[in-house]
Asks: 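There's a structure below that I have some questions on.
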Amino acid sequence: MAMGFDLILQGGVVLGHGAVDLGLRKGRIAAIAPGLSGGPVKVLAGALVTPGLIETHIHLDKSCLSVPGADGLADAIAKVSALKEAMSVEDIMARARRTLERCILQGTTRMRTHVEVDPAIGLRGIEGVKRLREEYSWAIDIEICVFPQEGLFNRPGTEALLIEALEGGAEVLGGCSYADSDPGAHLRKVFELAVRYGVDLDLHLDFDLDPMGAELPEVCALTVEHGMQGRVSVGHVTKLSALPADQLAAMAERMREAGVAAVILPATDLFLTGRGVDHNVPRGVAPAHRLAAQGVCCCLSTNNVLNPFTPFGDGSLMRIANLFANVAQVGDAAGLEGCFGMISAQSARVMRLPDYGLDVGGVADVVVFDAGSAASAVAEIAVPLLGIKRGRVVFEREKVGLKW
């Protein structure tokens, strides 16, 4: 089949299609079929071809901080808070760039980053991330979620900054009710603002291991009340890990009916929770696979990189998927494929991306992994060999082999 392609990916295993070639033209997937010709070729020798990975929850603005890991959530917030006034736009950009480039080289082609605003940091984080978004638009699409990490009602002036950021182009609104002096009012206010500005809502929520006092039921109720089904996601929700099976099933049903998605952040949740326990330490990671089995849209994400919340990380979503599989004791092929879906297709559902996937006519955001299947890619933390954004090669690695 000769059609005149800008690039042909030949001899790979295309996720959802099998052993076929992928023909790219003008930034789109032009053909998926065996035996394509009529353009430059990259021979993949059985490597896995997937859509670009999607990071749904990361904090570029406070990554790569030279501060020790925190002793719990409150300490992490306090450690970062103490640094905010001294953060310049240039400093934010330099640290965020380091993380962003690592994410790109790990196969991430789309990203939602949470960016803090409050009277201490002002809009400097937003400005820095906006500049990076433009600078790296050839390699990754970045969506900004503006949010009040330290609360709203206990931080006068924060609401005005949120509004200014939303009016200045932030695409998503976040919330962090557990950091507020009035959590209920916080939730009602962010829902009100989300409706007013017509944006999706992405909340930090229920970040502890006490099953009592969960705000997730209220979020589900507010989602339905405001007609925002399918437009609300909740991050962390570690309280879910402390629920008995019957209560978890009931909560999953409520989330499914309300159209509230869960974004699980295993690296941070493992690092910060359970610190008051000196034996049989709880994992503190919400069971995304069990929620997904009941129809809840779930995805996995990085959250923080090299800062007090998570003093490690390399931007690899495949490593995050593997970490979750370990923690959740998911070891069968179907379960591992589900974990891959939580850094790809399910993440696209959370971000409501209509053009995502490997289909003819779709955007040519493609990653090639040194693996034969999605399950093996997660199990082995497969190395990305090739990254393509809108048909353009962003990076390429040679497959490493032993030489005698």
Asks: Is there side-chain contact between Leu193 and Leu201, with at least one heavy-atom pair below 4.5 Å?
Replies: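 SC-SC contact between Leu193 and Leu201 ruled out.
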Asks: If you look at every heavy atom in Val367 and Pro384, which pair is closest and at what distance?
Replies: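 What the structure gives for the nearest pair is CG1-CB, 3.9 Å.
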Asks: Walk me through whether Thr223 and Gln229 qualify under side-chain hydrogen bond (donor to acceptor under 3.5 Å, both in side chains).
Replies: CA-CA 6 Å; Thr223 299; Gln229 294 93 326; over 6 Å; no
Asks: His226 vs Phe191 aromatic rings, parallel, tilted or perpendicular, using cut-offs 30° and 60°?
Replies: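 Answer is parallel, since the angle falls under 30°.
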Asks: Quick one, Val41 and Phe5 - any side-chain contact, counting heavy atoms below 4.5 Å?
Replies: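 Heavy-atom side-chain distance check fails, nothing below 4.5 Å.
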Asks: Under 4.5 Å between any side-chain heavy atoms of Ile144 and Arg133, yes or no?
Replies: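 The answer is yes, as the side chains (C-beta and beyond) meet within the 4.5 Å cut-off.
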Asks: Quick one: sort the Tyr178 and His204 rings into parallel, tilted or perpendicular, breaks at 30° and 60°.
Replies: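 The rings of Tyr178 and His204 stand perpendicular, inter-plane angle above 60°.
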Asks: Please determine whether the number of non-hydrogen atoms from other residues, nucleotides or ligands lying under 6.0 Å from atom CD of Glu134 exceeds 12.
Replies: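 Not buried by this count: 12 neighbours or fewer within 6.0 Å.
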Asks: Are Asp71 and Lys79 within salt-bridge range, i.e. N to O under 4.0 Å?
Replies: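 No.
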Asks: Any carboxylate oxygen within less than 4.0 angstrom of a Lys/Arg side-chain nitrogen, looking at Glu55 and Arg112?
Replies: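 Answer for the salt bridge query: no.
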Asks: I'd like to know if Arg102 pairs up with Asp314 as an ion pair, taking the criterion as any Lys NZ or Arg NE/NH1/NH2 lying under 4.0 Å from an Asp or Glu carboxylate oxygen.
Replies: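 No, Arg102 and Asp314 are not salt-bridged.
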Asks: Can you tell me which residue among Ser301, Ser347, Ser233 is in a side-chain hydrogen bond (donor to acceptor under 3.5 Å, both in side chains) with Thr56?
Replies: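 Only one option passes, and that is Ser301.
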Asks: Closer than 4.0 angstrom, basic N to acidic O: yes or no for Arg256 and Glu253?
Replies: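 Yes, charged N to carboxylate O under 4.0 Å.
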Asks: Please lay out, stage by stage, how Phe324 and His289 fare under the test ring-ring contact (aromatic ring centres under 6.0 Å, His included).
Replies: CA-CA 9 Å; Phe324 176 81; His289 59 310; 5.7 Å; yes
Asks: His186 and Phe153: ring-ring contact (aromatic ring centres under 6.0 Å, His included), yes or no, with the steps?
Replies: CA-CA 7 Å; His186 182 113; Phe153 294 94; 7.2 Å; no
Asks: Where is the tightest heavy-atom contact between Ala120 and Lys84, given as atom of each residue plus distance?
Replies: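 Heavy-atom minimum between the residues: CB-CB, 4.0 Å.
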Asks: Would you indicate whether Gln247, at its atom CD, is surrounded by more than 12 heavy atoms from other residues, nucleotides or ligands within a distance under 6.0 Å?
Replies: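 Correct, the count exceeds 12.
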Asks: Are Phe369 and Leu385 side-chain neighbours, meaning at least one heavy-atom pair lies under 4.5 Å?
Replies: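 No. Closest side-chain heavy atoms not under 4.5 Å.
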